[in-house]
Every structure is written in structure tokens, then in C-alpha cells.
Colleague: 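Just dropping this structure here.
Note on naming: letters A, B, ... go to the chains in the order of the sequence lines (proteins, then strands), and numbering restarts at 1 for each one.
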4 protein chains.
Amino acid sequence: MPEYSITTVARRAQIVQAAIATIAELGYDKASFARITERAGLSSPRLISYHFANKDDLNRQILIDIYTTAARLLTERIEQQDTVADRLRAYLEANLDFLREHPREVAVLTAIGPHLRDAEGKPYTSAGAQEGDVRVLEALLRQGQDSGEFRDFDARAMAIMIRGAITAAVQRVGDFDVDGYKRELVSTFDRATRRS
Amino acid sequence: MPEYSITTVARRAQIVQAAIATIAELGYDKASFARITERAGLSSPRLISYHFANKDDLNRQILIDIYTTAARLLTERIEQQDTVADRLRAYLEANLDFLREHPREVAVLTAIGPHLRDAEGKPYTSAGAQEGDVRVLEALLRQGQDSGEFRDFDARAMAIMIRGAITAAVQRVGDFDVDGYKRELVSTFDRATRRS
Amino acid sequence: MPEYSITTVARRAQIVQAAIATIAELGYDKASFARITERAGLSSPRLISYHFANKDDLNRQILIDIYTTAARLLTERIEQQDTVADRLRAYLEANLDFLREHPREVAVLTAIGPHLRDAEGKPYTSAGAQEGDVRVLEALLRQGQDSGEFRDFDARAMAIMIRGAITAAVQRVGDFDVDGYKRELVSTFDRATRRS
Amino acid sequence: MPEYSITTVARRAQIVQAAIATIAELGYDKASFARITERAGLSSPRLISYHFANKDDLNRQILIDIYTTAARLLTERIEQQDTVADRLRAYLEANLDFLREHPREVAVLTAIGPHLRDAEGKPYTSAGAQEGDVRVLEALLRQGQDSGEFRDFDARAMAIMIRGAITAAVQRVGDFDVDGYKRELVSTFDRATRRS
DNA sequence: TATGAATGAGCATTCATTCAT
DNA sequence: AATGAATGAATGCTCATTCAT
């Protein structure tokens with residue numbers, strides 16, 4: 001296992017990108033080390049094993065890579081808003097925008113989900129993979145309830161529901177009117193959360 | 001490929017049930033013919049190949065099996081309602097109830113989805129696999145709009161969103177307050193669809 | 001193993017014909033009991049095992065079937081000739097004619113050859129399968145030498161050579177000028193055998 | 001698929017030789033990767049898959065290996081001759097000599113033939129596999145006709161016939177008087193081709 | 001005479017991973 | 001930092017054949 005020199009970091013990034021491209025094109029099942037090797041122009045699958053402890057390690061790095069990109073975008077757009085309701089709207093819109101601009105990454109996210117395992121090798125529930133997203137959103141909703149902007153509802157249930165509505169769009173990537181969906185999404189959860 | 005004699009039908013059902021149990025416990029990847037054979041107490045994996053054309057055929061039969069069960073329950077409960085709004089509520093509640101009573105089947109449904117292929121061997125998009133559900137729901141929503149019960153919204157987008165919210169619950173199977181979620185789900189989409 | 005009733009004989013013939021058709025179309029390797037069953041419209045591969053001791057038995061019956069047909073034709077045409085030279089010519093021409101009229105049977109003959117086994121299960125040399133043909137022809141040639149029509153040559157070698165020239169045509173079935181080949185064949189072995 | 005390093009080339013050659021020996025002894029059908037592995041003393045059948053893309057690739061390499069050996073011998077002996085008639089004779093004799101000295105390779109050639117597939121996976125006709133040989137010979141015959149050494153005959157038909165006569169000998173490998181056959185072969189096709 | 005159901009052995013091939021440089 | 005070679009385990013699937021009616 002190599003240290004974190006410049007070339008090492010670059011290699012890892014290259015492999016992660018090749019893996020994302022391969023999974024997006026062929027699906028998770030067919031995206032073997034052999035296929036990723038071909039696409040990345042690596043000399044041998046051995047190079048992947050050299051840079052990542054095992055397949056699960058690679059999967060985790062892919063997730064981190066994509067989440068980092070997404071988080072940067074989302075955080076920025078949400079923080080510009082003043083009211084919680086606006087922040088929720090910004091959250092929904094930013095999610096759909098990310099989806100439109102990074103459909104490949106988003107598809108890979110859902111493809112990898114069911115195959116992730118924790119440190120002991122046990123499979124995450126696919127819920128587990130989304131738990132982080134849900135928590136963040138749940139906190140935002142609670143904030144709105146505390147400030148009096150939102151009505152009284154089960155914040156966790158609502159958060160799960162919203163993530164589900166976003167994920168549904170994710171799986172439609174390709175043949176899908178993103179902007180139309182975005183409008184209904186915002187409208188639906190505005191009605192669902194606002195006071196009165 | 002054997003005909004549909006009594007013993008054959010029974011064997012197929014046995015294998016399908018064993019496959020569902022195996023996938024639910026080990027995940028799709030690890031649910032090989034060998035594992036299913038063990039669980040079903042069959043003499044040889046050959047027996048699965050004898051009764052199903054190939055793995056995809058087995059997957060499809062699993063899906064049909066589960067969908068048939070679900071459809072029976074859903075249809076019945078929906079048809080008892082008079083107004084479209086009540087039917088939508090019944091649809092949502094019945095979905096969540098099925099989920100609570102058949103968590104294993106529901107988990108298998110989502111596990112198999114990404115691996116299904118159509119008759120020519122091409123992979124379904126996960127959207128494709130859900131398209132049927134979406135269409136049925138979309139029709140119901142349009143009916144409510146036509147009757148004047150529902151406000152004017154994009155019925156297809158709304159249908160996708162509702163399916164997403166249901167699927168999100170599906171993936172939480174296990175550590176999840178189904179009844180709480182059910183309440184918020186009904187409330188949210190009542191607000192989202194009703195006139196005024 | 002059934003006795004030789006009328007229905008049994010008919011069934012056997014049906015299976016042999018289906019096997020010939022299947023081998024001709026798919027090649028020997030892919031002509032499994034399963035494929036033959038489909039083509040013959042039989043209820044189960046079991047019916048083949050019921051009527052033939054094993055695969056080798058079926059192969060042998062196919063050979064007998066085809067050889068019987070061919071022998072009937074050849075014998076008749078040869079016996080009509082008076083001189084041995086004419087009989088050799090008739091033999092060559094009749095062989096090529098059979099080839100043109102029964103390309104399927106002829107193709108099957110060469111396809112099965114390498115897979116034949118003797119009673120103890122040992123593989124025939126492909127030579128073995130043709131030994132009968134060679135012997136018959138060798139006798140004819142010797143007859144011509146004894147009568148003084150033919151020059152002195154190694155009759156066995158010549159017989160093998162002629163069979164080889166015929167077999168070469170067999171393998172060209174399809175894209176092949178049979179009549180042109182027939183002319184050269186007759187001419188070549190007339191020159192090769194005649195006195196002076 | 002590994003590059004062409006020294007060890008790789010040696011391994012490939014080792015596997016090809018083991019495959020030839022295995023096919024010669026057991027026949028094509030029984031010469032599975034497992035049997036070849038045993039004979040070559042490899043650690044795992046996986047090693048064959050590592051060095052050859054698939055079974056067809058291995059078959060092709062076997063063919064190339066044998067044809068290369070044969071071509072070297074034939075070409076040399078033919079080129080030493082001055083007249084076309086002598087070259088034809090040398091061609092025939094060299095073929096039979098190769099057959100006597102490499103009976104195993106020659107047997108494998110005919111065993112593999114029917115199983116070869118082209119790049120798209122379509123089966124060669126057995127004619128197709130021999131087409132190269134026929135063409136070369138046909139050219140030689142035409143050369144003789146052009147130079148006036150040979151009489152006027154259908155060069156293609158004659159080429160096919162000669163290849164058939166050679167192949168017939170090939171299939172007799174083992175119990176066969178090669179030199180006797182060689183004499184009659186040369187004599188027959190001398191008479192068949194020469195002017196007057 | 002026929003057949004539905006079942007079976008064990010075998011197949012080529014793919015996989016992530018490791019050994020030895 | 002990289003890599004060529006090798007590996008054992010596993011996969012879905014096909015085969016001819018047999019058991020029990």
C-alpha cells in the first residue's frame with residue numbers, strides 16, 4: 001500500500017474516474033477490475049489492487065469522490081438563502097441541478113449503493129448509504145420547525161420521503177423533464193412543510 | 001423445459017421461494033444457484049436449470065410472484081373506495097402495509113431490479129422496471145384531475161415522486177416506523193394534490 | 001429397449017431423420033438430444049434414450065440409414081455396366097450424383113465420422129469409418145487388373161486416393177461445380193488406371 | 001491478455017504443445033482445458049484462459065503453429081525444383097513426408113478443422129479451412145498450364161482433388177504404407193496433368 | 001410405449017487477489 | 001511505483017442418462 005505522494009494521489013484519482021466511467025457505462029456487475037483497467041489504460045489490474053486495499057475500498061473512494069463534489073455545490077447554494085423554507089427549496093433545486101449536470105456520477109451512486117460493505121465486510125442496508133443525506137436534511141427540517149416556519153410533522157419521515165423523491169428522479173436520468181419535476185417537487189414539499 | 005404439471009408447478013414455487021429467501025438474506029450477488037440449492041434442499045443446482053431457462057427467467061418468475069401477491073392486495077383495497085382522493089390514500093396505505101407485511105419480498109424486488117434484462121438480454125433501466133407502477137398511479141391522478149377532485153399538476157412527475165417516496169420506505173425495511181411514515185406520506189400527497 | 005414392432009420402427013426412423021436434419025443444420029457438436037428432441041417434436045429427450053442404447057448407437061443408426069440409401073443407388077448403376085472401366089466410371093459419377101442429390105446426408109456422414117466409437121467405446125480412426133467403402137472399391141479395381149483392363153498399380157492405395165477425391169467434393173457441398181468436378185474426376189482416374 | 005515477453009511466449013508454446021498432444025490422444029471432444037492442464041502440468045486451467053482469449057484462440061494458435069512448421073518444409077522442397085511438373089511432384093512427396101514425420105500434428109489439424117470459427121464466431125466450413133491450401137495448389141497447376149507443361153484441365157477441380165487425395169492419406173495415419181501411397185499419388189497426378 | 005422429473009459430472013470462463021520481481 | 005505471471009474459487013449452464021411411473 002503506497003504512501004500519499006503526488007503521483008500516488010494522481011493515480012488513485014485516475015483509477016477512481018475510470019471506475020466511475022466504467023460503472024456508468026457497463027453497470028456495476030460488469031465493471032470488473034479487468035474492464036476498469038482497459039478503460040483507464042492501466043498496464044494491469046494489479047495496479048488497482050496496488051492502490052486500493054480491495055474492491056470495497058475502491059467503492060468507498062468512488063463514493064467519497066462523488067459526495068465531495070456534490071457537497072461543495074449544495075452547501076454553497078443553500079447557505080446563500082436566508083429563510084429555512086428558501087433553504088429547503090434551494091436544497092431541492094440544487095439536488096436536481098446536480099443530477100442534470102452529473103448524471104453519470106449520480107447513476108454510479110445508486111449502482112454502487114447495494115454493494116457497499118462496512119469495515120467488517122457486512123453489507124450496508126441501502127438505507128445506510130443514504131443515512132447521511134437523510135440526517136442533514138432532517139436537521140434542516142427541524143430547524144424550520146424550531147423557527148416556526150414549518151408546521152409540526154415527523155421530520156425524519158419527511159426527510160426520508162424527500163430523499164426518495166429525489167432518488168426517483170435520479171433513476172430517471174436520461175428520458176426525463178428535470179425542470180418540470182423540479183417545479184412539482186418544490187411545490188409539493190412547500191405545501192407539505194409550511195405552516196397553515 | 002417441463003410443462004405445467006402439478007409437481008412441476010410446486011417445484012417451481014419451491015425454488016422461487018428459496019430464491020427469495022436467499023436473495024433477502026445474502027443479497028443478489030451472493031445468491032447463486034448453489035446457495036439457492038442449499039436453502040431449498042434440492043439435490044443439485046441442475047434442478048433449477050431444469051425448471052427455469054436461465055437465471056434471468058428465474059428472476060422474472062420471482063418478480064411475477066411478488067407482483068401478483070402485491071397486486072391482489074392493492075387492487076382490492078383501492079376498489080373499495082369511492083372518491084379518487086380516498087383511492088389515492090388507500091393506494092399509499094396499502095403499499096406501506098404490504099411493505100410491513102412482506103419486507104423480505106419488497107427487499108428482493110429492489111435487489112433484483114438492476115439485474116433484470118428484457119427478452120433480448122438488454123438491461124432494464126431501473127426506471128423501466130418501475131414504469132408499470134408509475135403508469136398505473138399516473139392514471140389514477142389524472143382521473144382525480146378530470147373529476148375535479150385534484151388540482152392541476154404534472155401527473156407524471158407527481159406519480160414518479162410518489163413512487164420514489166414509497167420506494168424510500170421500502171429501502172428502510174427493518175429499522176423503520178412504518179405507521180409514522182404512512183401518516184406523513186398520506187398527509188403530504190393529500191396536500192400536494194387536493195384542490196384549494 | 002423396445003422390440004421391433006411397427007410403431008417402434010417408425011419412431012426410430014423419425015428420430016434418425018430428425019437427428020440428420022439437426023446435425024446438418026447445427027453441426028455435430030450442437031446437435032444434442034435436446035435439440036433433436038425439439039426438431040422432431042418429441043415429448044422428451046427420454047424418448048431417444050428409450051429407443052437407442054446411447055448416443056453412439058444413434059450415430060451408428062444414422063450411418064446405416066444413409067449408407068443403405070446410397071448403396072441402393074450405387075449398386076444399381078454400377079451393375080448396369082459391362083466393362084470394369086465403365087463400372088469405375090459409373091461408380092465415380094454415381095457418387096458425385098448422390099452427393100448432389102443428398103448433400104445433407106453426405107454432410108452428416110462426414111460430421112459424424114470422427115465421433116464414431118466401436119463396441120468397446122474406442123474411437124474409430126476416421127479411416128475406420130471409410131474402410132468399407134475402400135474395400136469395395138479396391139475389389140473393383142483388382143477385378144479390372146485381373147481382367148487385363150487396368151494396368152498394374154497398388155489397388156489399395158488407388159482406392160484410398162479415389163475415396164479421398166470423392167470426400168473432398170463432399171466437403172465442398174454448396175459452393176461447387178459438381179459436374180465440372182465429375183468430369184475431371186472420371187478423366188483423372190481413367191488415365192490413372194487404364195493400360196498403356 | 002499478457003504481452004509477448006520471453007516467459008509468456010514459452011508458456012504459450014508449452015500450452016499449445018500440450019493441447020496438440022491431448023487432442024491427438026483423446027480426440028477434440030475430450031480435450032478440455034482440464035485435460036490439457038493435466039498433461040502440461042499446469043497449476044490450473046486458469047492459466048490457459050490467462051494466455052489465450054478463449055478456446056477458439058487456442059485452436060487458432062495450434063493451427064498456426066502446425067501450418068508454420070509445415071509451410072517451412074514444403075516451401076523449401078518445392079523451390080528447389082526447376083520444372084512445374086517437378087514442383088508438383090515435390091509438393092506431393094513433401095506433403096506425404098510431413099505426414100509421416102508429424103502424424104500427430106496432422107491428425108490434430110483434421111480434428112480441429114470442424115470446430116474452428118472465424119473472428120465473428122461463425123463456423124468455418126471445412127472447405128473454408130482448406131481453401132488456402134487449394135488456392136496455392138491451383139496457382140501451381142495454372143502455372144504449369146501457362147508454361148505448356150500441363151494439359152488443359154479445370155485447375156480448381158484438380159487442386160481440390162489432389163488435396164482430397166492427400167487428406168485421405170492424412171486420415172490413414174498409423175496403419176498405412178506411406179511410401180506406396182506416395183508413389184501412386186505422384187504417378188496418378190503426373191498422368192492426370194501432363195501433356196499427351 | 002411413453003414420459004415427466006431428476007441427476008451428477010463436466011464445461012469454458014470470470015473474478016479479485018497475490019507472489020515475486 | 002509499478003508490473004508480469006499466476007492462482008483457486010466460483011459461476012451459470014449443458015450434457016447424456018436414469019428413476020419411477
Colleague: When you get a sec, tell me which of dT1(E), dA5(F), dT3(E) is the closest nucleotide to the side chain of Arg46(C)?
Modeller: dT3(E)

Colleague: Answer yes or no: is there an ion pair linking Lys30(A) with Glu25(A), defined by an N-O contact shorter than 4.0 Å?
Modeller: no

Colleague: Expressed as a whole number of angstroms, how long is the span from Tyr50(B):OH to dT3(E):P?
Modeller: 13 Å

Colleague: For a stem of at least 3 consecutive Watson-Crick or G-U pairs with distances under 3.5 Å, i pairing with j, i+1 with j-1 and so on, which stems involve DNA chain F?
Modeller: E:2-21 with F:2-21

Colleague: Run the side chain to side chain donor-acceptor pair (under 3.5 Å) test on Asp29(C) and Tyr28(D) for me, step by step, so that the C-alpha distance in whole Å, both residues' side-chain angles and the decisive distance to 0.1 Å come before the verdict.
Modeller: CA-CA 11 Å; Asp29(C) 289 7; Tyr28(D) 181 86; 5.9 Å; no

Colleague: Taking atom C1' of dA2(E) as reference, at what distance in whole Å does atom CZ of Phe52(C) sit?
Modeller: 15 Å

Colleague: Rounded to the nearest 0.5 Å, what separates atom CG in Leu109(D) from atom CD1 in Ile20(D)?
Modeller: 9.0 Å

Colleague: Give me the ring orientation class for His115(C) and His115(D): parallel if the planes are under 30° apart, tilted from 30 to 60°, perpendicular past 60°.
Modeller: perpendicular

Colleague: Separation of Leu47(C) atom CG from dT1(E) atom C1', in whole Å?
Modeller: 9 Å

Colleague: Looking at Gln61(B) and Val16(B), would you say the former's side chain and the latter's main chain have a donor-acceptor pair under 3.5 Å?
Modeller: no

Colleague: When all nucleic acid strands are considered with a 4.0 Å heavy-atom cut-off, which category describes Ser43(A): base, sugar-phosphate, or nothing?
Modeller: sugar-phosphate

Colleague: Please report, rounded to the nearest Å, how far the C1' atom of dA5(E) is from the NE2 atom of His51(B).
Modeller: 7 Å

Colleague: Taking only the side-chain nitrogens and oxygens of Thr8(D), find out if one of them lies under 4.0 Å from OP1 or OP2 of dA5(F).
Modeller: yes

Colleague: Please report the distance, rounded to the nearest Å, between CG in Asn54(A) and C1' in dA16(E).
Modeller: 9 Å

Colleague: Grab the CZ-C1' distance between Arg12(D) and dA5(F) for me, whole Å please.
Modeller: 12 Å

Colleague: Grab the two heavy atoms, one from Ala18(B) and one from Arg39(B), that are nearest each other, plus how far apart they are.
Modeller: O-CD, 3.6 Å

Colleague: With a 4.0 Å heavy-atom cut-off, tell me which residues in residues 13-41 of chain C come close to DNA chain F, sorted by residue number.
Modeller: Ser32(C), Phe33(C), Arg35(C)

Colleague: Can you tell me how far apart OG (Ser49(A)) and CZ (Phe33(A)) are? Round to the nearest 0.5 Å.
Modeller: 5.0 Å

Colleague: Restricting to non-hydrogen atoms, name the atom on Ile23(D) and the atom on Ala111(D) that form the minimum distance, rounded to 0.1 Å.
Modeller: CG2-CB, 3.9 Å

Colleague: Expressed in angstrom and rounded to an integer, what is the separation of Leu42(C) atom CG from dA2(E) atom C1'?
Modeller: 11 Å

Colleague: Would you check, one step at a time, whether the test side-chain contact (heavy atoms from CB on, under 4.5 Å) holds for Leu58(D) with Ile36(D)?
Modeller: CA-CA 11 Å; Leu58(D) 174 58; Ile36(D) 297 170; 4.2 Å; yes

Colleague: Find which nucleotide of DNA chain E each of Pro45(D) and Ile6(B) is nearest to by heavy atoms, and output the residue with the more 5' nucleotide.
Modeller: Ile6(B)

Colleague: Measure NE2/His115(C) against P/dA16(F) and give the value in whole Å, please.
Modeller: 12 Å

Colleague: Closest-nucleotide mapping onto DNA chain F: is Lys55(B) or Ser44(A) further toward the 5' terminus? I mean the 5' end.
Modeller: Ser44(A)

